[in-house]
Amino acid sequence: MSKDCGNHGGGKEAGVRRLCGAIIAFIIIVLITIFLVWVILRPTKPRFILQDATVFAFNLSQPNLLTSNFQITLASRNPNSKIGIYYDRLHVYATYRNQQITLRTAIPPTYQGHKEDNVWSPFIYGTAVPIAPFNSVALGEEQGNGFVRLMIRADGRVRWKVGTLITGKYHIHVRCQAFINLGNKAAGVLVGDNAVKYMLVNKCSVNV
């Protein structure tokens with residue numbers, strides 16, 4: 001009886017081992033398949049262009065406070081012919097010398113199909129935002145010279161869609177330089193009474 005019981009227990013353990021082995025093998029096959037599909041399709045990160053910026057307000061006051069209000073046009077293109085992109089979260093804001101000077105504006109989640117273009121026109125703004133003293137001095141000098149150099153940033157998360165397969169979330173960081181000629185309104189297009197629209201057409205750096 002004891003010999004039979006030992007064999008019976010060993011059979012269960014062998015069955016469990018076979019089941020675990022089959023599950024591990026299945027997972028490995030799935031991962032290899034995903035990797036091969038990924039390599040064959042060669043996914044390319046999206047491309048971004050900062051097309052223009054409409055300046056409604058840009059006032060530096062003492063003590064080192066900045067009030068600004070922009071509307072920017074940001075275009076995105078999916079260069080992939082077989083991969084779609086889900087933008088699950090994307091926040092746009094402006095910085096000056098690595099200091100954030102506006103609030104973050106959320107862009108609604110969207111899906112970008114193969115070879116598809118998306119265009120967003122969010123408002124970004126900040127009221128009486130404290131600026132570091134050394135940045136305030138530099139910004140005042142740039143305003144005096146007529147040109148202000150800002151960085152328009154977009155941070156968020158994306159997913160890739162290959163057929164019916166959707167990947168996990170990846171961080172995306174977009175950086176667009178904006179040289180705005182605040183000293184010469186004739187360099188832009190008047191919009192209403194005080195706003196000026198400046199054409200930029202700057203390619204942005206994208207890291208995923």
**Message:** If you define the side chain from C-beta out and look only at heavy atoms, does anything of Leu60 sit under 4.5 Å from Ser136?
**Reply:** yes
**Prompt:** How are the rings of Tyr111 and Tyr86 set to each other: parallel, tilted or perpendicular (split at 30° and 60°)?
**Reply:** tilted
**Asked** Does the side chain of Phe70 come within less than 4.5 Å of Thr54's, by heavy atoms?
**Response** no
**Complete:** Rounded to the nearest 0.5 angstrom, the CD1-OG1 distance for Ile83 and Thr44 is 7.0 Å
**Prompt:** Does the pair Tyr125 and Leu103 meet the rule for a side-chain contact (heavy atoms from CB on, under 4.5 Å), with working shown?
**Reply:** CA-CA 6 Å; Tyr125 57 90; Leu103 299 174; 3.7 Å; yes
**Request:** Using atom types as modelled and distance alone, determine if a side-chain donor or acceptor of Gln71 lies under 3.5 Å from a backbone N or O of Val55.
**Result:** no
**Main-chain N/O of Ile124 paired to Thr102 side chain as donor or acceptor, under 3.5 Å** = no
**Message:** If we ignore hydrogens and angles and just use 3.5 Å, is the side chain of Lys115 paired with the main-chain N or O of Pro79 as donor and acceptor?
**Reply:** yes
**Asked** Going only through I, L, V, M, F, W and Y residues with side-chain contacts under 4.5 Å, is there a path from Leu74 to Val158?
**Response** yes
**Asked** What residue among Arg175, Arg153, Gln100 forms side-chain hydrogen bond (donor to acceptor under 3.5 Å, both in side chains) with Thr95?
**Response** Arg153
**Item:** Min side-chain heavy-atom separation Phe179-Asn181 under 4.5 Å
**Value:** no
**Prompt:** Taking the side chain as C-beta and beyond, is there a heavy-atom pair between Asn64 and Phe134 under 4.5 Å?
**Reply:** no
**Message:** Using the side chain to side chain contact (heavy atoms under 4.5 Å, CB included) definition, which of the options Ile72, Thr105, Leu90 pairs with Trp120?
**Reply:** Leu90
**Asked** Do Ile131 and Ile101 touch side chain to side chain, with heavy atoms closer than 4.5 Å?
**Response** yes
**Prompt:** How about Arg47: does its CZ atom have over 12 heavy atoms from other parts shown lying under 6.0 Å from it?
**Reply:** no
**Prompt:** Among all residues two or more places apart in sequence or in another chain, which pass the salt bridge (charged side-chain N to carboxylate O under 4.0 Å, His left out) test with Arg97?
**Reply:** none
**Fill in**
Here the gap from Ile180 atom CD1 to Glu142 atom CD, rounded to the nearest 0.5 Å, amounts to 10.5 Å
**Request:** Return yes if some donor-acceptor pair links the side-chain N/O of Gln112 with the main-chain N/O of Gly84 below 3.5 Å, else return no.
**Result:** no
**Message:** Using 0.5 Å steps for rounding, measure from the CG atom of Leu65 to the OG1 atom of Thr67.
**Reply:** 7.0 Å
**Complete:** Rounding to 0.5 Å, atoms CG (Leu150) and OH (Tyr96) come to a distance of 8.0 Å
**Fill in**
Residues at least two apart in sequence or cross-chain that pass salt bridge (charged side-chain N to carboxylate O under 4.0 Å, His left out) with Arg77, listed by chain then number, are Asp117
**Request:** Flag yes if more than 12 heavy atoms outside His114 fall under 6.0 Å of its NE2 atom; otherwise flag no.
**Result:** yes
**Prompt:** Looking only at heavy atoms, which two atoms of Gln51 and Ala75 are closest? And how far apart?
**Reply:** NE2-CB, 3.4 Å
**Asked** Closest approach of Leu50 and Ala178, non-hydrogen atoms and distance?
**Response** CD2-CB, 3.8 Å
**Prompt:** Same cluster for Val174 and Phe123 if Ile/Leu/Val/Met/Phe/Trp/Tyr side chains link at under 4.5 Å?
**Reply:** no
Result block: side-chain N/O donor-acceptor pairs under 3.5 angstrom for residues 200-208, not counting sequence neighbours:
unit_1 : atom_1 : unit_2 : atom_2 : d
Asn202 : ND2    : Gln177 : O      : 2.6

**Prompt:** Hey, mind stepping through Leu165 and Trp160 against side-chain contact (heavy atoms from CB on, under 4.5 Å) and telling me if it holds?
**Reply:** CA-CA 8 Å; Leu165 173 67; Trp160 309 91; over 6 Å; no
**Message:** When you compare the side chain of Ile107 with that of Val92, does any pair of heavy atoms fall below 4.5 Å?
**Reply:** yes
**Request:** Verify the cluster assignment for Leu182 and Leu190: are they in a single hydrophobic cluster under the rule of side-chain heavy atoms below 4.5 Å apart?
**Result:** yes
**Message:** I need the Phe56 CZ to Lys197 NZ distance, nearest 0.5 Å.
**Reply:** 9.5 Å
**Asked** Are Val189 and Met199 co-members of a hydrophobic cluster defined by side-chain heavy atoms under 4.5 Å apart?
**Response** no
**Request:** Using distance alone, with no hydrogens and no angle criterion, decide if Glu116 and Asn78 have a side-chain donor and acceptor under 3.5 Å apart.
**Result:** no
**Request:** Measure the spacing between OH of Tyr93 and CG of Asp155 and express it to the nearest 0.5 Å.
**Result:** 3.5 Å
**Request:** Return yes if a side-chain donor-acceptor contact under 3.5 Å exists between Asn118 and Tyr87, otherwise no.
**Result:** no
**Asked** Are Asp52 and Thr73 linked by a side-chain donor-acceptor pair shorter than 3.5 Å?
**Response** yes
**Message:** When you group the ILVMFWY residues by side-chain heavy-atom contacts below 4.5 Å and let the links chain together, are Val162 and Tyr170 in the same group?
**Reply:** yes
